[in-house]
2 protein chains.
Amino acid sequence: MGKAYDVMAATCPSRTVLHRIGARWTVFVVNALDDGPRRFSELKGHIRGITPKVLTETLRSLEADGLVSRHAYDENPPRVEYALTPLGRSLLVPLRAVRLWAEEHVPDIEAARSRRPTP
Amino acid sequence: MGKAYDVMAATCPSRTVLHRIGARWTVFVVNALDDGPRRFSELKGHIRGITPKVLTETLRSLEADGLVSRHAYDENPPRVEYALTPLGRSLLVPLRAVRLWAEEHVPDIEAARSRRPTP
DNA sequence: CAGAATCCTTGACGATACTG
DNA sequence: CAGTATCGTCAAGGATTCTG
């Protein structure tokens with residue numbers, strides 16, 4: 001039997017999914033939730049340089065896609081925790097690998113880049 | 001010993017690398033080279049919907065990063081083949097996993113999305 | 001065939017300030 | 001603390017046409 005979805009097909013829903021994963025900050029946020037639930041400010045502090053607006057947007061889309069769950073405690077001051085859903089945790093596996101690949105191969109890529117000075 | 005690079009650090013080069021990987025079409029092009037070298041037009045035909053300009057740009061950056069190699073045959077009509085370098089093939093491993101994840105979990109994501117009708 | 005050239009659109013991302 | 005609200009930009013991506 002052939003596969004049901006093919007990212008190479010222009011109209012395939014899997015392409016939308018893959019584009020969402022490819023969004024600038026998805027890999028970072030999912031990886032930041034690797035160690036368990038985290039609060040908004042913890043995420044913001046951990047993913048250096050991300051703005052609250054962008055973090056919110058990213059979390060909202062991940063939530064809409066069922067990858068992240070949000071739990072607001074009825075306390076004062078407010079407390080909100082984000083966690084990976086089982087689906088999100090399944091995505092974490094490949095995304096962690098991508099993250100590790102990036103961290104491991106920085107020297108290789110920088111070497112390749114310096115070999116081709118931009119004119 | 002701690003790790004040398006951390007994508008969570010704002011100024012870390014690994015973040016640049018990860019952003020490059022996250023570029024819209026990188027995952028598609030790298031996966032399209034899974035089966036071996038391919039010509040420009042083959043890639044264009046296989047990755048449905050990509051325009052020649054974007055394909056060229058993507059290939060050029062992948063080349064600059066040492067992930068893809070380009071070989072132009074001196075023939076007429078012109079023939080150019082693109083292939084993954086060893087470095088590119090090492091990236092293929094996690095990226096293939098991401099691609100498969102996307103293709104496998106379309107139903108889950110669509111279910112999650114329909115659970116939250118956009119107002 | 002493999003692209004280069006051109007022009008254009010848009011939405012993702014960012015900086016800053018404000019609020020329940 | 002956990003966000004919204006605004007405003008601005010800019011570069012990635014796209015459509016089209018042309019060429020060695």
Side-chain angles (χ1 to χ4, degrees), chain A residues 7-11 15-30 32-33 37-65 68-83 118-119, chain B residues 7-11 15-30 32-33 37-65 68-83 118-119:
Chain A
V7 295
M8 299 303 177
T11 61
R15 178 165 291 191
T16 311
V17 172
L18 197 44
H19 275 167
R20 174 62 51 82
I21 297 175
R24 195 66 120 252
W25 293 102
T26 299
V27 187
F28 296 89
V29 171
V30 172
L33 291 172
R38 286 203 157 173
R39 308 177 57 159
F40 187 87
S41 54
E42 286 176 327
L43 289 172
K44 194 159 81 65
H46 188 66
I47 309 170
R48 310 307 298 264
I50 195 172
T51 63
K53 184 201 165 201
V54 169
L55 179 55
T56 301
E57 287 172 352
T58 307
L59 286 169
R60 292 282 182 276
S61 1
L62 291 176
E63 218 190 325
D65 285 357
V68 160
S69 66
R70 188 192 117 112
H71 187 281
Y73 295 84
D74 192 9
E75 298 177 1
N76 195 312
R79 198 171 66 132
V80 178
E81 281 194 344
Y82 294 91
T118 18
Chain B
V7 293
M8 298 302 175
T11 62
R15 178 164 292 190
T16 311
V17 173
L18 196 44
H19 276 166
R20 174 63 50 83
I21 298 175
R24 194 68 118 251
W25 293 102
T26 299
V27 187
F28 295 90
V29 172
V30 172
L33 291 171
R38 287 203 158 174
R39 310 177 57 161
F40 187 86
S41 54
E42 285 176 327
L43 289 172
K44 197 159 79 66
H46 188 66
I47 309 170
R48 309 309 298 264
I50 196 172
T51 64
K53 183 202 167 202
V54 170
L55 179 55
T56 301
E57 287 170 352
T58 306
L59 286 168
R60 291 284 181 276
S61 358
L62 292 176
E63 218 189 327
D65 285 356
V68 159
S69 66
R70 186 192 117 111
H71 188 280
Y73 295 84
D74 192 9
E75 299 178 357
N76 198 309
R79 198 174 115 217
V80 178
E81 281 194 344
Y82 294 92
T118 17

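No experiment lies behind these values; they were computed from the predicted model shown. The analysis underlying the following values was restricted to heavy atoms, covering all of them including side chains, and did not include hydrogens, waters or symmetry mates. Protein chains get the first letters and strands the later ones, always in sequence-line order, with residue 1 at the start of each.
For the pair B:H46 NE2 and C:dC1 C1', the interatomic distance rounds to 19 Å; values are reported in whole Å. Rounded to whole Å, the distance from CG on B:L55 to P on C:dA4 is 11 Å. Here the P atom of nucleotide D:dG13 and the CZ atom of B:F28 are 11 Å apart, to the nearest Å. Remark: C1' of C:dA2 and CG of B:L43 are 12 Å apart, rounded to the nearest angstrom. Whole-Å rounding puts the A:K44 NZ to D:dT4 C1' distance at 14 Å. The separation between B:E63 atom CD and C:dA2 atom P is 15 Å, rounded to whole Å. For the pair B:L59 CG and C:dA2 C1', the computed distance is 11 Å after rounding to whole Å. Counting to the nearest Å, the C1' atom of C:dC13 and the CZ atom of A:R48 are 19 Å from each other.
Side-chain N/O atoms of A:S41 include one lying less than 4.0 angstrom from OP1 or OP2 on D:dA2. Taking only side-chain nitrogens and oxygens, A:R38 never comes nearer than 4.0 Å to OP1 or OP2 of D:dC1. In this model, the phosphate group of C:dG3 is approached by a side-chain N or O of B:R70 to a distance below 4.0 Å at OP1 or OP2. An OP1 or OP2 oxygen of C:dA2 is reached within less than 4.0 angstrom by no side-chain nitrogen or oxygen of B:R79. At least one side-chain nitrogen or oxygen of A:R60 sits closer than 4.0 Å to the OP1 or OP2 atom of D:dT4. For the OP1/OP2 pair of C:dG3 and a distance below 4.0 Å, the side-chain nitrogens and oxygens of B:Y82 include at least one atom meeting the criterion.
When each of A:T58 and A:P78 is assigned the nucleotide of DNA chain C with its nearest heavy atom, A:T58 is the one assigned upstream, toward the 5' end. Each of B:P52 and B:E57 lies near DNA chain D, and the nucleotide nearest B:E57 is the one positioned closer to the 5' end. Comparing A:R24 and A:F40, the nucleotide of DNA chain D nearest to each residue sits closer to the 5' end for A:F40.
Using bins of under 30°, 30° to 60° and over 60° for the plane-to-plane angle, the ring pair B:Y82/B:F40 lands in the tilted bin.
Between the CG atom in A:L55 and the NZ atom in A:K53 there is a gap of 12.5 Å [rounded to 0.5 Å].
With contacts defined as side-chain heavy-atom distances shorter than 4.5 Å, the pair B:V30/B:V68 does not qualify.
Checked by distance alone, B:K53 brings no side-chain donor or acceptor within 3.5 Å of a matching partner on the base of C:dG3.
The two atoms that bring B:A72 and B:R70 nearest to each other are CB-NH2, 3.8 Å, heavy atoms only.
Here the side chain of A:T56 is nearest to one of C:dC1, D:dT4, D:dG14, namely D:dT4. If you check D:dC1, C:dC1, C:dC13 against the side chain of B:R39, the one that comes closest is C:dC1.
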(request) Please report the C-alpha distance between A:F28 and A:I50 in whole Å, then the side-chain angles of each, then the deciding distance to 0.1 Å, and finally whether the side-chain contact (heavy atoms from CB on, under 4.5 Å) criterion is met. (result) CA-CA 10 Å; A:F28 296 89; A:I50 195 172; over 6 Å; no

